[in-house]
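This report concerns only the one structure given below.
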2 protein chains.
Amino acid sequence: MTSQTELNHYSSEHNHNQCVSLALSTAQSLCNERGVLLTTIRYQVLTLIWESHKAVKAYELLDRLRPLQAAAKPATIYRALDFLIEQGLIHRVESLNAFVGCRCSDQQHEQLLLICKLCEQVDERPAPEVMSALLDESKQAGFMIHSKAIEIHGICIHCRTK
Amino acid sequence: MTSQTELNHYSSEHNHNQCVSLALSTAQSLCNERGVLLTTIRYQVLTLIWESHKAVKAYELLDRLRPLQAAAKPATIYRALDFLIEQGLIHRVESLNAFVGCRCSDQQHEQLLLICKLCEQVDERPAPEVMSALLDESKQAGFMIHSKAIEIHGICIHCRTK
DNA sequence: AGGTAATTGTTATATTATTACATCAGAACT
DNA sequence: AGTTCTGATGTAATAATATAACAATTACCT
């Protein structure tokens with residue numbers, strides 16, 4: 001493990017490694033199934049995102065990618081991010097201009113994001129009650145949903161009880 | 001009415017004028033009550049935002065403000081926006097990097113935003129069921145909420161039935 | 001191998017936002 | 001009236017985020 005130096009709430013490096021490699025192999029299979037290409041660059045960017053449980057900024061990713069891809073430029077990163085978002089492999093966190101790995105790639109992709117102001121980790125939750133209330137509300141308004149960004153900022157349970 | 005040239009769904013210019021002036025006078029009273037200063041610049045920026053029912057971008061506001069304030073610079077706009085957001089007089093739409101007038105200044109400020117991809121108008125809704133589901137979900141997660149951004153993109157009823 | 005579409009390289013630039021420091025205007029005090 | 005304090009604004013520079021346009025390369029299909 002190289003750049004994974006942030007503190008996080010996960011009990012051990014080992015667990016986090018497992019969690020990253022699970023995410024990566026899932027991503028790989030999904031791309032295979034879908035007949036889309038998880039190229040080296042895309043894989044590297046996805047890995048860099050997963051190595052943090054925090055949301056990561058595009059230019060931060062660029063800095064981390066450069067040792068692996070000397071030619072990397074902003075477009076390199078943004079293209080990889082576009083692809084990963086399209087495939088539902090990461091979330092864009094609108095209120096942070098940042099990106100976070102998505103645990104739910106094959107299921108329903110749009111989830112509630114709980115974003116901790118202290119540890120900066122992002123917890124994604126399917127929150128079915130919220131989603132169905134949202135559907136009801138939209139239906140009442142006659143609004144046809146294309147996409148959702150539901151981002152809650154606050155303090156997570158780990159930081160509160162510390 | 002000067003720069004209000006966009007099409008919108010509101011039945012007449014007159015109604016929209018009323019709706020703008022109501023928002024402005026409400027804003028004025030709120031600032032008085034709170035002992036904060038709705039200065040000329042702040043008032044002008046708020047007016048410019050209200051003259052559109054669409055979310056407006058910061059540099060667009062800057063362009064529209066300059067005829068009124070020759071010295072206006074980015075900082076001028078961003079400072080006014082910061083103030084208006086703090087006072088709950090506008091919303092920042094995170095997923096658009098844009099700003100929209102807030103109809104609910106004295107009530108609960110954080111609302112659901114329904115953002116139409118076609119007409120670009122933003123509808124704010126208190127959506128109590130969504131909010132309470134959100135509270136439940138946060139409670140379950142042990143998460144303490146500071147702020148919320150709930151932004152739904154899609155097609156509004158007016159654009160759908162046209 | 002040749003043709004095609006997708007991906008990446010490369011440069012430039014657009015868009016969004018902040019920082020830092022100077023100046024100014026008004027309220028509160030003496 | 002002058003002094004001081006505070007908040008607001010002026011001003012310049014720059015940081016941070018994102019896209020566009022076009023060339024070169026690679027992957028895939030037959």
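A, B, ... follow the sequence lines: proteins, then strands. Residue 1 opens every chain. All heavy atoms count here, side chains included; hydrogens, waters and symmetry mates do not.
A 4.5 Å side-chain heavy-atom check between A:Arg103 and A:Trp50 finds at least one atom pair inside the cut-off. When side chains are defined from C-beta on, B:Val56 does not count as touching B:Leu96, because their heavy atoms never get closer than 4.5 Å.
For B:Ala58, the listed nucleotide lying nearest its side chain is C:dA17; candidates were C:dT8, C:dA17, D:dA8. Nearest nucleotide to the side chain of B:Arg42, out of D:dA18, D:dA8, C:dT7: D:dA8. Between C:dA17, D:dA18, C:dT10, one nucleotide has an atom nearer to the side chain of A:Arg79 than all others, and that is C:dT10.
Scanning residues 69-78 of chain B for heavy-atom distances under 4.0 Å to DNA chain D yields B:Ala71, B:Lys73, B:Ala75.
Atom CG of B:Asp82 is separated from atom P of D:dT9 by 12 Å (rounded to the nearest Å). Atom pair A:Leu65:CG and C:dG9:P shows a separation of 9 Å (rounding to whole Å applied). Look at CD on B:Glu60: it is 11 Å from P on C:dT15, rounded to the nearest Å. As rounded to whole Å, 10 Å separates atom P of D:dT9 from atom CD of B:Gln44.
For A:Lys117, the NZ atom is densely surrounded, since the number of other residues' heavy atoms within 6.0 Å is greater than 12.
With hydrogens and angles ignored, no donor-acceptor pair closer than 3.5 Å exists between the side chain of A:Tyr59 and the base of D:dA15.
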Report the C-alpha separation of A:Gln44 and A:Leu65 in whole Å, then their side-chain angles, then the decisive distance to 0.1 Å, and conclude whether the side chain to side chain contact (heavy atoms under 4.5 Å, CB included) test is met. CA-CA 7 Å; A:Gln44 288 172 334; A:Leu65 181 62; 3.6 Å; yes

